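Here the structure comes first, spelled out in structure tokens, and everything after it is commentary.
This one's a predicted model, so the numbers in the text were calculated from it and none came from an experiment. Throughout, a chain's letter reflects where its sequence line sits, starting with A, and its residues are numbered from 1.
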Amino acid sequence: MLDVRFVRQNLEAVREALRSRGAEVDLDRFTQLDGRRRELLVEVEQLKSVRNRTSEEIAELKRAGVDAREKVLAMRRLSEEIKKLDGEIAGVEAVLTDFMLGVPNLPHQSVPFGRDEKDNAVVRSWGDPPAFEFEPKSHWDLGTSFDILDFKRGVKLAESRFTLLKGLGAQLERALINFMLDLHTREHGYVEVFPPILVNPGCMTGTGQLPKFAEELYRCADDDLYLIPTAEVPVTNIHRDEILDEDILPLKYTAYTPCFRREAGAAGKETRGVIRQHQFNKVELVKFARPEESYDELEKLTHDAEEVLQRLGLHYRVIALCTGDLGFSASKTYDLEVWMPSYNTYKEVSSCSNFESFQARRANIRYRTENKKVRFIHTLNGSGLAIGRTLAAILENFQREDGSVVIPEVLRSHMGGAEIIGK
RNA sequence: GGUGGGAUGGCAGAGUGGUUGAAUGCACCGGUCUUGAAAACCGGCAAGGUCGUAAGGCCUUCAGGGGUUCGAAUCCUCUUCCCACCGCCA
């Protein structure tokens, strides 16, 4: 959520920033609601001030044994008036809050201006795509031929976009999870957590999934709990409604969790393989940082995620999302895209973002500065990495002419020494 | 699921209708003392909103909602959460 006061005081700049990301927000409505709210507040607070003073006067009269009936009667009318105004304010505030929850974050000044993903900027790339002297196969064909990805049975157990991993496929998935967690905890200084996979609506509102993106979420209606679409949700909310001490910042967490997405708007898109699943695994990186450091921390976080791909030996590039392609809650985002031979292009395996105070304001996460001021913290997160897509990239990039796949060296110790996946 | 007990500031913990935004202790910050530290002593220490150029004023907040009252942390009511015991259970 944006700072109401900031919006009020920088209306035209906000209008411009929102336009740059292609968001249609009626800021005149904001001005109207905000103005009405403050108008009513001034009015009711004056009345309350009178009420408080008169209350004390009544108390004094009663203590002195003097009749206070007249004042009491006047107060009765005053209280009626206050109640009416309070109700009106609550109504206006509810509308205003609802409005603000639907306004996306403002892009950081360093974000390239653009309309959609075509305007994203390639920041850097690492490695080279493999040079095959044969026709490479897709990961779904490879996975099926090795009997490590069972798409048919995944559908039988649930529905489309669910996959059953078997044998070395399941082991490779697990090896990737462990490899990534080990890297981030032992070498990058993240604290490993394993959070609840079901969370309450407060968490979803805190990180920005609700109220706007409810149709993307799986919900357990009987309990009003949601399956998380990313570990970002529970991990960021760890410190909801807390005031953190400045000297523990930046706080860095990593978590492996399954993730669940309804992919409501993606019918017919990427239906083959494991690229777009309703359930997938992910290792997530989450940071809480002081505002003046958050952009440095974003660079570091992105590098931490890149390191995974480098150690696996997968060619990738780093993309800076343009204003028009930015996610709802983000101020700035880098995507890591790995080379995927079957698509003859790059596929996103990580999205690293700085949310500045957008989530912190929603989730009420603050910190105390050295001079004891309380301020909203900056939150960041990034995938480190999406497991399923990484597995797919390994199958495709490390396949050989004889139909087998070489397991990256860093994973072998996590797989009982296995070196090859083959028939 | 059943019964009972709870929810107060960063933490602990008083407070059952009228200077209680909230005692006291701890923690924290500043000072005195000390070669330094500790102890002791003195002082400070909630957040949010709103008006104001500012100084500062005012309002709100004792889990959350609703109610009683001139006035609610205190009374009533519903909800949520926590704890204990019972039942069930990986």
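- In this structure, Asp304(A) CG and Lys252(A) NZ are separated by 6.0 Å, a value rounded to the nearest 0.5 Å.
- Distances shorter than 4.0 Å separate some side-chain N or O of Arg38(A) from OP1 or OP2 on C51(B).
- Nucleic acid contact for Arg361(A): none, since no nucleic acid atom lies under 4.0 Å from a heavy atom of the residue.
- A gap of 16 Å separates the C1' atoms of G49(B) and G21(B), to the nearest Å.
- For the pair Lys71(A) and Ala59(A), both in contact range of RNA chain B, the more 5′-proximal nearest nucleotide belongs to Ala59(A).
- Here the side chain of Gln359(A) pairs a donor or acceptor atom with the backbone of Thr207(A) at under 3.5 angstrom.
- Not one N or O on the side chain of Asp325(A) forms a donor-acceptor pair closer than 3.5 Å with the backbone of Asp116(A).
- The gap from the P atom of U79(B) to that of C85(B) amounts to 25 Å, rounded to the nearest Å.
- Judged by distance alone, with hydrogens and angles left aside, the side-chain atoms of Arg389(A) form a donor-acceptor pair with the main-chain N or O of Ile275(A) at under 3.5 Å.
- Between Arg51(A) and U60(B) there is a side-chain polar atom (N or O) within less than 4.0 angstrom of OP1 or OP2.
- The local environment of NZ in Lys71(A) is sparse, with at most 12 non-hydrogen atoms from other residues, nucleotides or ligands closer than 6.0 Å.
- Here Lys48(A) lies in heavy-atom contact (under 4.0 Å) with sugar-phosphate atoms only.
- Taking for each of Arg8(A) and Val44(A) the nucleotide of RNA chain B with the nearest heavy atom, the 5'-most of the two is the partner of Arg8(A).
- Atom CD1 of Ile58(A) and atom P of C70(B) are 9 Å apart (whole Å).
- Atom name C1', nucleotides C62(B) and A72(B): the rounded distance is 11 Å, in whole Å.
- Taking the C1' atom of each, G6(B) and A90(B) are spaced 29 Å apart, rounded to whole Å.
- Atom NZ in Lys83(A) sits about 10 Å away from atom P in A72(B), given to the nearest Å.
- Comparing the C1' positions of A27(B) and G10(B) gives a spacing of 8 Å, expressed to the nearest Å.
- Residue contacts shown for Leu41(A) are limited to sugar-phosphate atoms, with no base heavy atom under 4.0 Å away.
- With a 6.0 Å cutoff to the six-membered ring centre and a 45° limit on the axis angle, Lys347(A) counts as a cation-pi contact of Tyr343(A).
- Below the 3.5 angstrom threshold, one finds no donor paired with an acceptor across the side chain of Glu60(A) and the base of G18(B).
- Comparing A7(B) with G13(B), their P atoms sit 10 Å apart, to the nearest whole Å.
- Following rounding to the nearest Å, Asn200(A) (CG) and C82(B) (P) show an atom-to-atom distance of 11 Å.
- Using a 4.0 Å heavy-atom criterion, one finds that Arg5(A) contacts the sugar-phosphate atoms exclusively.
- OP1 or OP2 of G57(B) has not a single side-chain nitrogen or oxygen of Ser49(A) nearer than 4.0 Å.
- The number of heavy-atom neighbours closer than 6.0 Å to CZ of Arg8(A), taken from other residues, nucleotides and ligands shown, is above 12.
- Nucleic acid contact for Asn52(A): sugar-phosphate only, since backbone atoms but no base atoms lie under 4.0 Å from a heavy atom of the residue.
- Protein atom CZ of Arg77(A) is 17 Å distant from nucleotide atom C1' of G71(B), rounded to whole Å.
- When the P atom of C70(B) is taken as reference, atom CZ of Arg69(A) falls 12 Å away, rounded to whole Å.
- A sub-4.0 Å separation between OP1 or OP2 of U19(B) and a side-chain N or O of Arg53(A) is absent.
- With C1' as the reference atom, A73(B) and G64(B) are 14 Å apart, rounded to whole Å.
- Ile89(A) has its CD1 atom 12 Å from the P atom of C51(B), to the nearest Å.
- Between the CZ atom of Arg368(A) and the P atom of C11(B) there is a distance of 10 Å, rounded to whole Å.
- Comparing the C1' positions of U74(B) and G18(B) gives an interatomic distance of 12 Å, to the nearest angstrom.
- Between the CG atom of Asp241(A) and the C1' atom of U80(B) there is a distance of 14 Å, rounded to whole Å.
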